[in-house]
There are 2 protein chains.
Amino acid sequence: MTAERDGEADTGVSTTRKTFAILEALKSEEGLTITEITERTELPKSTVYRHLATLTDMGYVIEREGGYYIGLRLLEISEQTRNRKTGYTAAKRKVFELGQETDERSLFVVEEEYDAVYLHRYGSLADTMIGKRRPMHSLASGKVILAEWDDDRVADFVERKGLGRHTSNTITDPDALAEELDRVRKQGYAINDEEYMDGLCGVAVPVHTPDDELLGALGLFGPASRFTEDVHEEFVSRLRDKAGEIRVTLAYG
Amino acid sequence: MTAERDGEADTGVSTTRKTFAILEALKSEEGLTITEITERTELPKSTVYRHLATLTDMGYVIEREGGYYIGLRLLEISEQTRNRKTGYTAAKRKVFELGQETDERSLFVVEEEYDAVYLHRYGSLADTMIGKRRPMHSLASGKVILAEWDDDRVADFVERKGLGRHTSNTITDPDALAEELDRVRKQGYAINDEEYMDGLCGVAVPVHTPDDELLGALGLFGPASRFTEDVHEEFVSRLRDKAGEIRVTLAYG
DNA sequence: CGGTTGCGTTTCACTATCCGGAACATTGAT
DNA sequence: ATCAATGTTCCGGATAGTGAAACGCAACCG
């Protein structure tokens with residue numbers, strides 16, 4: 001009823017929330033029918049019908065063979081974000097080169113609202129993971145970005161997002177995190193030692209613009225069996241080269 | 001008032017339309033302030049304010065330094081479309097390889113609602129063009145797709161979208177289009193001879209799944225000066241190789 | 001320093017419009 | 001032909017979105 005609650009619940013336009021509830025439903029499972037969306041969103045059938053009519057009319061949703069799909073028009077909107085900075089686009093190419101040269105999975109990650117978000121990725125055909133959000137403290141790329149922040153901002157991150165445990169190796173203690181970030185700052189790269197998922201390791205370095213603004217993190221990851229001590233050096237030097245190339249590209253086109 | 005008009009105007013939820021009007025405004029120009037969005041959308045200020053509050057609350061829009069930006073959460077939704085089919089993801093890699101090997105711009109295009117839509121692209125750092133929509137009849141890749149359709153569907157396309165002229169070379173006559181599509185079918189590839197933009201040429205081939213379903217079109221394009229008769233053969237054979245590789249990837253993982 | 005301009009924010013009364021139950025139409029299967 | 005399940009339409013009602021206007025806050029400036 002009244003505007004504000006404990007947190008801040010129902011600001012603004014609930015109609016818009018319904019629309020996006022439907023889009024999110026289609027994200028997780030494409031080709032749904034109206035009734036299936038009804039079940040998943042717990043919205044009345046006629047409401048879903050009306051919203052879908054609007055969305056298809058605008059082209060953001062496509063109906064084909066009785067099922068509904070996210071339209072490519074949304075792609076045009078969101079792709080904007082991946083090219084917001086020239087450095088992002090330059091990073092895309094480097095991610096690809098890294099993947100080809102090392103035959104491992106590679107990624108470029110930026111931070112948004114204290115999440116590590118995949119902007120570019122090279123890897124398995126099944127799932128590109130682009131747009132997926134991960135907890136920063138449990139990823140090599142996330143730690144690289146955290147290491148560039150001052151203590152206050154890191155403290156705020158810890159407070160707001162917490163240091164959730166994902167494996168037995170996850171850093172869950174703020175002091176341990178501070179130590180780790182110090183180490184990252186000193187050595188100039190971060191390592192993920194099965195901290196997010198068992199058996200999954202990674203290495204990442206920061207990417208800077210010519211005027212030393214942080215763009216994001218460039219990383220490689222793969223199974224623990226292949227990410228042993230002795231390959232770290234090679235991976236790190238490759239990553240540094242690519243990060244440097246991005247910087248140069250930005251400076252001299 | 002009554003449900004339908006001449007075309008079909010205001011179906012469904014006008015609130016949702018307002019939300020997307022705001023998102024579209026941010027797409028074309030990021031970092032806008034509330035008043036700037038007000039001007040561009042011609043919506044009252046308080047309405048824009050309320051919608052933006054909702055969108056930022058949901059994370060689809062981000063506020064930074066007084067300006068509003070599209071959030072990366074939208075990326076997660078739309079990226080789904082680029083990986084709807086495994087072939088799409090496989091094509092991404094091939095587009096990249098093509099670009100690297102030929103040092104020209106390359107693309108993978110699919111059709112949606114009679115538009116040619118860029119799904120993957122390799123080229124300039126400035127603009128990736130992903131998600132952009134182009135008229136099918138004036139693109140090599142578009143013609144490749146049209147050539148796979150039966151006459152009825154092509155006729156429907158012509159009726160619905162028209163054959164708009166973009167340059168002096170654009171095919172604007174339905175019969176000429178039919179002839180051209182015959183040629184494309186025979187030779188198995190299409191050429192864009194400055195039909196969309198003066199000085200811009202292209203070559204494209206169709207991409208099929210192992211069970212001969214059309215996935216989209218794979219193409220190369222660049223300045224007319226480099227796309228002369230004698231290089232067509234080389235480009236076409238390269239494109240055919242890559243299209244074949246996609247097919248094989250789909251068949252044998 | 002007042003005054004002014006321009007912006008984001010909030011208020012508030014109004015009613016447009018979104019809602020959703022329920023009836024209806026359509027399809028497909030048995 | 002019957003039935004079940006789905007998509008579509010209808011319609012009264014009140015929710016909730018609307019937008020003009022007022023407010024608060026900076027920055028700018030005379």
Side-chain angles (χ1 to χ4, degrees), chain A residues 1-26 29-71 113, chain B residues 1-26 29-71 113:
Chain A
M1 297 288 170
T2 33
E4 45 185 332
R5 302 206 180 162
D6 335 315
E8 41 173 298
D10 45 357
T11 1
V13 209
S14 71
T15 304
T16 302
R17 290 183 195 277
K18 288 179 187 141
T19 289
F20 277 100
I22 292 172
L23 286 174
E24 290 283 354
L26 286 178
E29 208 175 344
E30 287 206 301
L32 292 176
T33 65
I34 289 186
T35 21
E36 285 169 336
I37 298 174
T38 297
E39 290 160 5
R40 267 151 252 244
T41 58
E42 292 186 338
L43 293 167
K45 198 166 47 156
S46 56
T47 300
V48 172
Y49 177 81
R50 203 171 335 108
H51 278 257
L52 281 175
T54 312
L55 287 169
T56 47
D57 182 53
M58 292 190 290
Y60 296 120
V61 163
I62 302 290
E63 184 189 2
R64 212 187 316 149
E65 297 152 20
Y68 287 91
Y69 297 81
I70 309 250
E113 294 190 319
Chain B
M1 293 291 171
T2 32
E4 43 186 331
R5 302 205 180 163
D6 333 318
E8 39 172 299
D10 45 357
T11 1
V13 208
S14 69
T15 305
T16 302
R17 290 182 194 276
K18 287 176 189 149
T19 290
F20 277 100
I22 292 171
L23 286 174
E24 289 284 352
L26 287 179
E29 208 176 343
E30 287 207 303
L32 293 176
T33 65
I34 289 186
T35 20
E36 285 168 337
I37 297 174
T38 298
E39 292 160 5
R40 268 150 251 242
T41 58
E42 293 185 337
L43 292 168
K45 197 163 50 156
S46 55
T47 300
V48 173
Y49 176 81
R50 203 170 338 104
H51 278 255
L52 282 174
T54 312
L55 287 169
T56 47
D57 182 52
M58 292 189 290
Y60 297 119
V61 162
I62 301 291
E63 185 189 2
R64 211 188 315 147
E65 297 153 19
Y68 287 90
Y69 297 82
I70 309 252
E113 295 188 321

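Throughout, protein chains are lettered first and strands after them, A, B, ... in sequence-line order, and every chain is numbered starting at 1. All figures in this text were calculated on a predicted structure; none of them were measured in a lab. Only this structure's heavy atoms are used, side chains among them; waters, hydrogens and symmetry mates stay out.
For Ser14(B) and dG17(D), the shortest distance from a side-chain N or O to OP1 or OP2 is not below 4.0 Å. The side chain of His51(A) contributes an N or O atom lying less than 4.0 Å from OP1 or OP2 of dC19(C). For dG7(D), one of the phosphate oxygens OP1 or OP2 lies less than 4.0 angstrom from a side-chain nitrogen or oxygen of Thr35(A). Between Arg50(B) and the phosphate of dG17(D), there is no side-chain N or O to OP1/OP2 separation shorter than 4.0 Å.
Judged by atom type and distance alone, Ser46(B) reaches the base of dA20(D) through a side-chain donor-acceptor pair under 3.5 Å.
Thr15(B) comes within 4.0 angstrom of sugar-phosphate atoms only, judged by non-hydrogen atoms across all strands, and of no base. Within 4.0 Å of Thr47(A), counting heavy atoms only, lies at least one base atom of the nucleic acid.
If you find the closest nucleotide of DNA chain D to Thr16(A) and to Tyr49(A), the one lying nearer the 5' end belongs to Tyr49(A).
Distance CZ (Arg17(B)) to P (dT18(D)): 13 Å, rounded to an integer number of Å. Following rounding to the nearest Å, Leu43(B) (CG) and dA20(D) (P) show an atom-to-atom distance of 11 Å. Following rounding to the nearest Å, Glu36(A) (CD) and dT6(D) (P) show an atom-to-atom distance of 8 Å. As a whole-Å value, the separation of Ile34(B) CD1 from dT10(C) P is 10 Å. In this entry the distance linking CD1 of Ile22(B) with C1' of dG17(D) reads 12 Å, nearest Å. The CG-P distance, from Leu32(A) to dT6(D), rounds to 13 Å in whole Å. In this structure, Glu65(A) places its CD atom 15 Å from P of dG7(D), rounding to the nearest Å. Here dT9(C) presents its P atom at 12 Å from CD1 of Ile37(B), a figure rounded to the nearest Å.
A side-chain N or O of Thr16(B) and one of Thr19(A) form a donor-acceptor pair less than 3.5 Å apart.
Annotation for Leu23(B) and Ile70(B): closest pair O-CD1, 3.6 Å, computed over non-hydrogen atoms. Nearest approach of Thr35(B) to Lys45(B), heavy atoms of both residues: CG2-CD, 3.9 Å. For the pair Leu32(B) and Glu29(B), the tightest heavy-atom approach, listed with the atom from each and the gap, is CG-O, 3.1 Å.
Closest to the side chain of Lys45(B), out of dT9(C), dC18(C), dT9(D), is dT9(C).
Between the side chain of Thr41(B) and the backbone N or O of Ile22(B) there is no donor-acceptor pair closer than 3.5 Å.
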